[in-house]
Amino acid sequence: MELLSIILSGLLTLVSPVGVVFDNIAERDIRSALHSAEELEVRLDNSPNYFLFAGKVERLRFAGRGLYLTPDIRIESFEVETDPIEVDLDRLNEEDESGVPLFLQEPLQGAFRLVLTEEDMNRALRSAPFIEELGEAGIGAIPETEDETIAQRFRIVNPEVDFLGNNRIRVQVEIQDLRDEEQVTIAVETGLEVVGGTQLRAIDTQITINGEEAPSRLENLVVNLVERVFNLKKFEENGLLARFLDFTITGERLELTAFARVEDPEWFYEPRE
């Protein structure tokens, strides 16, 4: 969702009465918010065009390829198409870069398509910030011991993902014991399916530890983790309605199409867990 936030923030200068093409302004602002982009195109549709000066956009279309959020996090492609947007120009002009721009007159809604490659996912997984976050999400989900937390004792290293096709994925990590430097290799192979448009669920999950079948409680931990992380309904109370429209994993890429409706613009800017 960070990329959606960047695109929405690009609207801040779209309706300023300046003598340049609006599409170019939007592209410039979005590009400046990214680390880099191989290809990026923004299209603002309005008929007549002077409606832009009233804060109205009939449709916003965005398409990008090779989008780098950071030097290690690359998105193969990302496309967005919105329904009409109406902006409060007075509120927009009052905001500065540090403010929370609550400038939407009506809820914002549209569809987006995201494509990630196996190569890009592995590069992101091996970056230091991602490994730290992965440890907090995975090891941090295990209950604490009496004398120390599991997260203090163990560290995740060398994560790797393989796209297997047919909506199946294989993830392998090494868990290193910081006390004696011993480590075990855990491999998780699972299918993923969309349930009710709001949930990704792990199915037919197989887990091995150093090549041996893992206890069933570890499988339950993985299934519960997937359900907790990829549950779109948890965002609804904060003003975001989202639904999975399509989810496909081939041997080389993951493709996700979804619909999102932002009821409360603060969702983009307030800290979220």
Side-chain angles (χ1 to χ4, degrees), residues 1-11 14 23 26-27 29-31 33-46 57-70 72-85 104 107-125 130 161-169 191-202 226 229-236 239-263 265 267-268 272:
M1 292 297 181
E2 180 180 352
L3 197 51
L4 280 176
S5 179
I6 290 173
I7 294 170
L8 180 60
S9 298
L11 290 172
L14 296 184
D23 297 357
E27 180 177 328
D29 289 347
I30 294 171
R31 189 180 291 273
L34 298 167
H35 176 74
S36 64
E38 296 169 11
E39 296 179 12
L40 194 155
E41 181 179 358
V42 180
R43 176 75 179 270
L44 286 158
D45 296 331
N46 244 9
V57 177
E58 183 177 325
R59 180 173 57 179
L60 168 67
R61 289 183 287 178
F62 168 90
R65 189 184 70 82
L67 306 177
Y68 286 84
L69 301 182
T70 72
D72 294 314
I73 299 180
R74 178 184 183 273
I75 294 174
E76 172 64 17
S77 67
F78 189 69
E79 303 168 12
V80 177
E81 183 171 325
T82 73
D83 286 353
I85 302 171
L104 291 176
L108 173 68
Q109 64 182 28
F112 66 88
R113 177 176 175 267
L114 171 71
V115 178
L116 302 173
T117 67
E118 181 181 291
E119 179 182 355
D120 288 336
M121 285 198 68
N122 277 316
R123 183 188 300 112
L125 283 173
F130 212 103
V161 61
D162 291 318
F163 292 161
L164 304 176
N166 292 326
N167 282 12
R168 291 192 65 80
I169 190 170
L192 294 169
E193 67 175 3
V194 176
V195 180
T198 63
Q199 179 79 64
L200 275 186
R201 181 169 64 187
V226 170
V229 172
F230 298 102
N231 179 10
L232 299 181
K233 293 187 75 67
K234 65 184 179 182
F235 299 117
E236 292 182 9
L240 174 69
L241 174 69
R243 295 292 184 268
F244 294 114
L245 302 179
D246 184 58
F247 181 83
T248 304
I249 297 176
T250 66
E252 297 179 353
R253 57 175 54 192
L254 181 155
E255 300 185 21
L256 168 66
T257 305
F259 167 85
R261 176 183 173 89
V262 181
E263 298 283 354
W267 185 90
F268 276 98
R272 297 177 295 277

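Computation of the quantities below employed the complete heavy-atom set of this structure, encompassing side-chain atoms and omitting hydrogens, waters and symmetry-equivalent molecules.
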Check step by step if side-chain contact (heavy atoms from CB on, under 4.5 Å) holds for V80 and L60. CA-CA 8 Å; V80 177; L60 168 67; 5.7 Å; no
Identify every side-chain donor-acceptor pair in residues 241-249 under 3.5 Å, counting partners at least two apart or on other chains, and give the distances.
{"unit_1": "R243", "atom_1": "NH1", "unit_2": "E236", "atom_2": "OE2", "d": "3.1"}
{"unit_1": "R243", "atom_1": "NH2", "unit_2": "E236", "atom_2": "OE2", "d": "3.3"}
{"unit_1": "D246", "atom_1": "OD2", "unit_2": "T248", "atom_2": "OG1", "d": "3.3"}

Contact summary for [X] and [Y], nearest pair of heavy atoms:
X    : Y    : result
A202 : V226 : N-CG1, 4.1 Å
G197 : L232 : O-CD1, 3.9 Å
E118 : V161 : CG-O, 3.5 Å

Nearest 0.5 Å, please: how far is [atom2] in [Y] from [atom1] in [X]?
X    : Y    : atom1 : atom2 : result
L240 : R261 : CG    : CZ    : 11.0 Å
L34  : I75  : CG    : CD1   : 8.5 Å
S77  : L114 : OG    : CG    : 7.0 Å
E81  : R59  : CD    : CZ    : 4.5 Å
N122 : F163 : CG    : CZ    : 8.0 Å
D162 : I169 : CG    : CD1   : 8.5 Å

With sequence neighbours excluded, residues passing side-chain hydrogen bond (donor to acceptor under 3.5 Å, both in side chains) with R201: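 For R201, the residues satisfying side-chain hydrogen bond (donor to acceptor under 3.5 Å, both in side chains) (neighbours in sequence not counted) are E193.
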How would you list, by chain and number, every residue that makes a side-chain hydrogen bond (donor to acceptor under 3.5 Å, both in side chains) with T70, sequence neighbours excluded? none
Who pairs with [X] by salt bridge (Lys or Arg N to Asp or Glu O under 4.0 Å), at least two apart in sequence or on another chain?
X    : answer
R61  : D45
E255 : R113, R253
E76  : R74
R65  : E38, E39

Could I get the full list of side chain to side chain contact (heavy atoms under 4.5 Å, CB included) partners for [X], not counting sequence neighbours?
X    : value
E41  : none
D83  : Q109
A258 : F112

Taking L200 as the fixed residue, which of V229, V194, N167 is the one that meets the side-chain contact (heavy atoms from CB on, under 4.5 Å) rule?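 Between L200 and the candidates, side-chain contact (heavy atoms from CB on, under 4.5 Å) is satisfied uniquely by V194.
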